[in-house]
Amino acid sequence: MVVPGGPVVGSVRPPGSKSLTNRALICAAFAEGASRLTGALVSEDTEVMIDSLAKIGVRIQTENAGRTLIVEGVGSSAASEQTGDSPHEMFIANSGTTVRFLTAALSAFGGRYRLSGVPRMHERPIGDLVEAIAPVMSGTIAAVSGGGCPPVEIESAGWTGEPMSVAGSVSSQYLSGLMMAAPISGKTVEIKIVGELVSIPYVRMTSELMRAFGGVTDWNLETTQSIRTGGRYVGTDYAIEPDASAASYFWAAAAITGGRIGVEGLSEDALQGDVGFVRVLEKMGSRLHLQADRIEVEANELRGVDVDMGEISDTVQTLSVVALFADSPTRVRGVAHNRFKETDRIGNLAIELRKLGARIDEHDDGLTIHPLTTGDLERLSESTDPIVFETYHDHRMAMSFALLGLRLPGIFVADPACTGKTYPEFWADLERLIDRPHHWFSQETNE
């Protein structure tokens, strides 16, 4: 059983950003010349990207236990000779960034490919991206599972350079993938966004990273619904920031335990929009201490908030756990697209949090979390019955539910190894901040 260990105090540096690592790998792989990527994430998501790129001749050497990558690019489509009777088979597990970025990049590069993953990946829609590519690609592309889901099959002779349109409401990764693919095609491409665009900070991130490798982007979504992108990638040295989404768990740990935790390597000027999570904690009452290379959260009495998290949707699960310990309900809005992530991050999140006796209201665009009452907290603190939280093979579920064990006894997390998708060392890093042994999972749940 977990015995709450009091305030969590200390410093941590999470691993490199998954979002930046996989974007940098795409740009470096199709660049002219070599790139050196430092601070890279070592995880399942990045490993499947590296393995897939190797199948088209990209040479990637590792240093510093995989945190430094030397990438020998293969150039743009002008150098592509991907021929043969059989397609390149690429296994992308449950990595959304890998399947979306590679679908766009490989269709622009040219060749024959089949991208498949775990069963859950074959339930995650990618039809909007395929529909955006098909009219401007010489060849065929299809998502062959029901509902426009992977596997994705591609037979391409490259892009035509004609304008294209893509829906923006399901995932900004569709747009990011198309943006990064334009330089690979050797064309300057205009991309029109249809409907609302979710997670705009990730699109800004893509634009800035492309520019670091020589790509060109021209956009202003406040005045237009289109982006022009092109140029040609050139090898470069690039330092990857620590993962701001991963940092959210440690900032939240401080907020709910009365502690104080600093995350090294991040500032409010970081490329990753998820650093904005600390401003939500500030709105809830936490105190912030901001430095050029460090963001520290100090706990204070927590209050409920009404917040649109559309731009920081990967931190909704983290905030939902924090909200359980506030003094009033918290309404999360603007995250309808969270239902199409590794799992339904609205419906399944509500199911699990209700195991504590909390009232959780689902909405089309989010949820309302009613805090645990004094009676709830007393009952849970005195109970000898364990509560096992299912993760649905979703790394963010596991890391968020771990926070509950800092406040409540008897908390267990099923399938803890799923954190290897983006943060293999999560449990060890969390343990280092705690002054006594904790056990979030039993032998049975660890199998």
Side-chain angles (χ1 to χ4, degrees), residues 1-15 18 43-44 242-261 263 274 277 281 297 299 302 314-325 341-343 345 348-356 358 360 369 372 377 380-381 383 386-447:
M1 295 292 181
V2 174
V3 179
V8 178
V9 178
S11 296
V12 65
R13 186 184 181 98
K18 175 199 72 173
S43 74
E44 179 183 83
D243 195 302
S245 305
S248 73
Y249 309 112
F250 300 103
W251 290 321
I256 68 173
T257 67
R260 181 167 176 160
I261 295 182
V263 173
D274 279 356
F277 178 76
L281 290 181
V297 169
L302 290 168
D314 276 348
T315 63
V316 168
Q317 291 134 296
T318 323
L319 189 75
S320 297
V321 170
V322 175
L324 292 170
F325 302 99
K341 301 270 189 172
E342 282 81 345
T343 187
R345 289 181 175 174
N348 291 338
L349 176 63
I351 289 171
E352 296 306 309
L353 294 182
R354 289 176 185 138
K355 291 179 177 179
L356 297 169
I360 311 295
I369 305 98
L372 295 167
L377 292 171
L380 291 165
S381 296
S383 175
I387 303 176
V388 179
F389 287 86
E390 299 298 328
T391 59
Y392 307 85
H393 307 294
D394 184 344
H395 55 133
R396 301 210 183 282
M397 288 287 206
M399 291 184 277
S400 297
F401 296 150
L403 301 175
L404 293 169
L406 303 176
R407 281 290 305 264
L408 301 170
I411 301 299
F412 290 91
V413 176
D415 188 23
C418 71
T419 61
K421 177 175 167 59
T422 56
Y423 197 162
E425 299 302 319
F426 171 75
W427 300 103
D429 285 353
L430 187 58
E431 288 278 2
R432 279 193 283 270
L433 291 171
I434 300 168
D435 62 1
R436 66 180 70 181
H438 280 55
H439 303 283
W440 282 271
F441 40 90
S442 66
Q443 182 177 359
E444 290 76 17
T445 61
N446 195 26
E447 292 178 347

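Residues take their numbers from the sequence shown, with the count starting at 1.
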Taking all non-hydrogen atoms of both residues into account, name the closest pair between Leu380 and Pro409 and its distance. O-CG, 3.5 Å
What do the steps show when you test His395 against Glu44 for side-chain contact (heavy atoms from CB on, under 4.5 Å), and what is the final call? CA-CA 11 Å; His395 55 133; Glu44 179 183 83; over 6 Å; no
Partners of Ser11 by side chain to side chain donor-acceptor pair (under 3.5 Å), sequence neighbours excluded? Arg294
Side chains of Ile360 and Ile351 in contact at under 4.5 Å (non-hydrogen atoms): no
Which heavy atom of Ala402 sits nearest a heavy atom of Val413, and at what distance? N-CG2, 4.1 Å
A side-chain contact here means heavy atoms from C-beta on lying under 4.5 Å apart; do Thr419 and Thr391 qualify? no
Would you indicate whether the side-chain heavy atoms of Phe325 and Leu377 approach each other to under 4.5 Å? yes
Go through it in stages, so that I can follow the logic: the residues are Val9 and Leu433, the test is side-chain contact (heavy atoms from CB on, under 4.5 Å), and I'd like the CA-CA distance, side-chain angles, deciding distance and then a yes or no. CA-CA 6 Å; Val9 178; Leu433 291 171; over 6 Å; no
Closest non-hydrogen atoms of Asp415 and His393, given as atom of the first, atom of the second and distance, are OD2-ND1, 3.0 Å
Measure the spacing between CG of Leu372 and CZ of Arg407 and express it to the nearest 0.5 Å. 8.5 Å
Rounded to the nearest 0.5 Å, how far apart are CE of Met399 and OG1 of Thr422? 4.0 Å
Would you say Trp427's side chain and Pro416's backbone share a donor-acceptor pair under 3.5 angstrom? yes
With a 3.5 Å distance limit and no angle check, can you tell me whether Asp243 reaches the backbone of Lys18 through a side-chain donor-acceptor pair? yes
Could Arg13 and Asp429 be called an ion pair, given the rule that one side-chain N must be under 4.0 Å from one carboxylate O? no
Assess the residue pair Tyr392 and Arg345 against the criterion (side chain to side chain donor-acceptor pair (under 3.5 Å)); give the C-alpha distance rounded to whole Å, side-chain angles, the decisive distance to 0.1 Å, and a yes or no. CA-CA 10 Å; Tyr392 307 85; Arg345 289 181 175 174; over 6 Å; no
Taking all heavy atoms of Ile411 and all of Leu408, pick out the closest pair and write down the distance. CG1-O, 3.5 Å
If you look at every heavy atom in Trp251 and Ala244, which pair is closest and at what distance? CZ3-O, 4.1 Å
What's the verdict on side-chain contact (heavy atoms from CB on, under 4.5 Å) for Phe426 and Phe250, showing C-alpha distance, side-chain angles and the deciding distance? CA-CA 10 Å; Phe426 171 75; Phe250 300 103; 4.2 Å; yes
Does Thr315 reach the main-chain N or O of Ser245 with its side chain, forming a donor-acceptor pair under 3.5 Å? no
Can you give me the closest heavy-atom contact between Asp394 and Gln317, atom names plus distance? OD2-NE2, 3.5 Å
Ser43 side chain to Tyr423 backbone, donor-acceptor under 3.5 Å: no
Output for pair (Leu430 CG, Leu403 CG), nearest 0.5 Å, gives 7.5 Å
Just verifying a value: how many Å separate Leu356 CG and Phe401 CZ, rounded to the nearest 0.5 Å? 9.0 Å
Separation between OG (Ser320) and CG (Leu353), nearest 0.5 Å, reads 6.0 Å
For a quick test of your reading: what N or O donor-acceptor pairs under 3.5 Å do the side chains of residues 253-261 make, sequence neighbours left out?
from, atom 1, to, atom 2, distance (Å)
Thr257, OG1, Val8, N, 3.0
Thr257, OG1, Ala253, O, 2.7
Arg260, NE, Glu296, OE1, 2.3
Arg260, NH1, Glu298, OE1, 3.4
Arg260, NH2, Glu296, OE1, 2.7

Please examine the side chains of Glu352 and Glu390, heavy atoms only from C-beta on, and report whether any two atoms are closer than 4.5 Å. yes
